[in-house]
Protein chains: 2
Amino acid sequence: MPTIKDIAKRAGVSGATVSRVINNLPNVKPETREKVQKSIDEMQYYPNSLARGMRSKKTNSIGLVLADITNPFYAETAKTIIELAGRHDYSIILCNTNNDLNEQHKYIDVLLQRKVDGFIFASVHCKDPSLDPVIASKVPCILYNRRMLQNDHINYVVLDNELGAYMAVEHLYNLGHRRIALVRGPNTFSTGRERFNGYLKALKSFGLKYDEKIVLQGKYSEKQSYDAAIKLISSKDRPTAIFASNDLMALSVLEAVISSGLRVPEDIAVVGFDDIEIASHSAIQLTTISQNRNMMAEIALDSLRKMINKESLQLPVQVVLKPMLTVRKTCGSKNPTSRN
Amino acid sequence: MPTIKDIAKRAGVSGATVSRVINNLPNVKPETREKVQKSIDEMQYYPNSLARGMRSKKTNSIGLVLADITNPFYAETAKTIIELAGRHDYSIILCNTNNDLNEQHKYIDVLLQRKVDGFIFASVHCKDPSLDPVIASKVPCILYNRRMLQNDHINYVVLDNELGAYMAVEHLYNLGHRRIALVRGPNTFSTGRERFNGYLKALKSFGLKYDEKIVLQGKYSEKQSYDAAIKLISSKDRPTAIFASNDLMALSVLEAVISSGLRVPEDIAVVGFDDIEIASHSAIQLTTISQNRNMMAEIALDSLRKMINKESLQLPVQVVLKPMLTVRKTCGSKNPTSRN
DNA sequence: TTGTACGCGTTATCAT
DNA sequence: ATGATAACGCGTACAA
């Protein structure tokens with residue numbers, strides 16, 4: 001592989017001049033520039049970004065740590081972030097934790113060694129010691145979608161999950177439901193916790209009493225959620241509606257209801273959370289809580305970039321976006337959200 | 001950020017010894033090793049992988065270039081590859097081309113600068129000049145899922161797409177269908193081309209005549225496929241079955257059929273290709289052609305690793321895996337594939 | 001068992 | 001406008 005020296009030799013100039021050409025710096029005679037460029041093209045020279053990184057102390061790479069890339073919510077996030085990052089010459093090193101703290105810890109280690117310029121975490125637990133090294137390293141970092149507890153100075157962009165859950169239950173209540181079950185996410189994730197709180201808050205404000213028998217743990221797992229729904233369905237005081245903590249879980253709830261021979265929404269209404277793309281499919285038509293993922297991703301990346309470039313920016317960045325209710329068929333409403 | 005020298009100073013040894021400890025090399029007195037390790041921990045030292053890469057000429061990184069991470073087929077692939085790569089200490093730099101040759105070209109440029117140890121492409125076009133620099137660079141490289149035409153020495157792992165398509169049509173034929181439409185992928189992708197050929201081959205072998213009016217271009221796009229299906233449905237000599245070139249397209253076909261007030265499979269049978277996870281959902285139950293993505297991904301990564309490590313390996317690697325027909329509900333068969 | 005010294009490819013500084 | 005040189009952090013050959 002040719003280096004800057006090979007190009008220099010070939011073009012009959014010094015390495016310094018080649019560097020000037022590569023970096024489009026001034027003070028190079030046009031003819032020299034051309035000559036050098038020609039050698040670069042002929043030799044198929046690619047500047048070594050490792051060497052550049054060593055000098056400049058910047059790698060132009062960002063570590064993106066996701067909970068689960070096969071969840072469309074994260075896949076869509078990844079797509080947006082990769083694209084936006086690329087526009088600013090950042091590469092994305094993608095890590096997938098499966099919500100495993102050990103995995104995350106290992107990835108953080110690797111990313112710290114790779115000297116990424118910044119981190120985006122879409123995977124943290126409420127209490128997450130694996131992030132300590134990142135914080136200690138002072139490498140810019142922002143949380144996405146989930147946040148941590150008791151870490152008041154860390155940056156994040158999240159949704160108002162409590163409000164989202166409240167809106168879901170409110171909608172079901174307005175449709176006449178009085179026994180509304182919850183297939184919830186774990187307390188160890190802020191989303192699971194906050195959506196549960198929103199559910200509670202809604203029950204209280206509508207005068208419904210909390211019944212722990214119809215609040216089951218789905219663990220953000222499809223299998224668990226399916227089982228939870230089966231349990232709800234076969235209980236003797238069956239709920240008339242099920243609110244699931246995310247769309248993937250809601251899909252599993254739908255599976256359970258359908259395979260039990262019941263109808264959605266006539267026998268049981270279902271509402272999800274996230275508005276992943278398949279939710280709008282004709283065969284699914286899931287009523288759900290939407291969030292503007294693109295905006296959330298954009299805010300995360302832009303903030304991170306500013307931190308990296310030490311641009312002025314009010315720290316910590318702590319943005320909470322508003323959710324939206326998207327009404328489709330699974331809730332039984334006669335007034336679906338109009339399409340744009 | 002502490003460097004190897006800082007650790008050396010703190011532990012009262014030379015940099016060489018620290019290096020020996022980091023790399024678990026022999027010839028270090030146990031006490032010395034401990035002492036050094038202690039300094040490493042205390043100072044939160046992370047070896048600089050840029051510097052290591054410069055010396056060793058290896059970055060332990062692999063460029064994964066995908067057509068579309070939001071397509072579950074690719075997301076599931078990415079997940080597997082990231083996990084397997086991690087086990088062997090490789091990081092994945094993820095690129096998403098949206099099937100745009102220009103994007104791919106740019107990403108290749110970046111990855112070549114980053115000196116990735118290898119490439120996995122799940123995004124190539126049949127004729128794809130953007131790959132020339134990769135080939136010229138001699139950096140190990142393997143294609144996944146799609147291959148190129150007229151490039152006999154390049155490595156790939158693909159499915160027998162022609163056979164897969166043949167099996168789909170054969171199945172529909174056996175169920176009594178005689179007018180089978182195709183919503184196809186573009187000729188510019190080997191998958192689109194090969195699946196089309198399989199369709200043709202099946203028609204011929206069952207004595208059905210090819211009717212170009214029921215072979216429409218879906219371009220691997222959901223919108224296009226929806227429109228194509230609408231067109232098929234409203235044609236006066238309506239097909240009784242539609243075979244779509246991938247599952248995402250099949251889902252759009254389903255949407256079109258459902259929203260036209262027709263029933264699947266009674267009015268129109270539908271078969272897809274890929275067996276993405278949602279295909280098995282109760283509300284969808286898509287009959288489709290399955291491929292063993294995990295195996296395909298594993299072969300790709302293992303082969304690549306061997307090339308990188310210059311282990312003995314029969315080159316070029318050109319693996320063609322066999323597809324499987326997974327029968328669910330959308331084809332109208334009474335005998336769904338048994339579940340494992 | 002441990003240390004010294006050089007080079008990996010680049011950029012920034014200083015000189016010419 | 002161009003060139004020489006040092007430095008970034010690490011691994012390794014060689015010396016001790």
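Here is the naming used below: chain letters follow the sequence lines, and residue numbers restart at 1 for every chain.
Proximity of A:Ser123 to A:Leu66: side-chain heavy atoms (C-beta onward) are nowhere separated by under 4.5 Å. Contact annotation: the side chain of B:Ile81 never approaches that of B:Ile62 to less than 4.5 Å [non-hydrogen atoms, C-beta and beyond].
Closest to the side chain of B:Ile4, out of D:dT2, D:dC10, D:dG9, is D:dC10. Here C:dT10 is the nucleotide among C:dT10, D:dG9, C:dT2 with the atom lying nearest to any side-chain atom of A:Thr3. Considering only the side chain of A:Arg52, C:dT10 comes nearest among C:dT10, C:dG9, D:dT12. Comparing atom distances between the A:Arg55 side chain and each of D:dG11, C:dT1, D:dA6 picks out D:dA6 as nearest. Which of C:dG3, D:dA4, C:dT2 sits closest to the side chain of A:Ala16 comes down to D:dA4. In this structure, of C:dG3, C:dT10, D:dC8, it is C:dT10 that holds the atom nearest to the side chain of A:Ala51.
Taking each heavy atom of B:Pro133 and B:Ser130 in turn, the nearest pair found is CD-O, 3.2 Å.
Using a 4.0 Å heavy-atom distance criterion, B:Asn48 is classed as a sugar-phosphate-only contact. Using a 4.0 Å heavy-atom distance criterion, B:Ser56 is classed as making no nucleic acid contact. Residue contacts for B:Ser19: at a heavy-atom cut-off of 4.0 Å it reaches a base atom on one of the strands shown.
The nearest heavy atom of DNA chain C to B:Ser14 and to A:Leu25 marks one nucleotide each, and the one closer to the 5' end goes with B:Ser14.
Atom CZ of B:Arg114 and atom P of C:dG9 are 18 Å apart (whole Å). Going from atom CD1 of A:Ile7 over to atom P of D:dG3 covers 15 Å, rounded to whole Å. The CE atom of B:Met43 sits 13 Å away from the P atom of D:dG9 (whole-angstrom rounding). Across the protein-nucleic acid pair, A:Arg20 atom CZ and C:dA12 atom P stand 11 Å apart, rounded to whole Å. Across the protein-nucleic acid pair, A:Lys29 atom NZ and D:dG3 atom P stand 10 Å apart, rounded to whole Å. Spacing between atom CG of B:Leu50 and atom C1' of D:dA7 amounts to 15 Å, rounded to whole angstrom units. Regarding B:Lys5, its NZ atom lies at a distance of 15 Å from the P atom of C:dG3, rounded to whole Å. Regarding B:Gln113, its CD atom lies at a distance of 12 Å from the C1' atom of C:dT10, rounded to whole Å.
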CA sep, side-chain torsions, deciding dist, call: B:Glu83, B:Arg87, salt bridge (Lys or Arg N to Asp or Glu O under 4.0 Å): CA-CA 7 Å; B:Glu83 176 175 344; B:Arg87 284 195 209 152; 2.8 Å; yes
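Contact annotation: B:Lys57 side-chain N/O to C:dG9 OP1/OP2 distance is under 4.0 Å. Phosphate contact (OP1/OP2 of D:dC10, side-chain N/O of B:Tyr46, threshold under 4.0 Å): absent. Not one side-chain nitrogen or oxygen of B:Asn27 sits closer than 4.0 Å to the OP1 or OP2 atom of C:dT2. Contact annotation: A:Thr32 side-chain N/O to D:dA1 OP1/OP2 distance is not under 4.0 Å.
Paired with A:Tyr220 under the rule side chain to side chain donor-acceptor pair (under 3.5 Å), one option of A:Asp68, A:Thr191, A:Thr188, A:Asn99 passes, and it is A:Thr191.
Using the six-membered ring where Trp is involved, B:His125 and B:Phe189 have ring planes that are perpendicular, over 60° apart on the 30 and 60° scheme.
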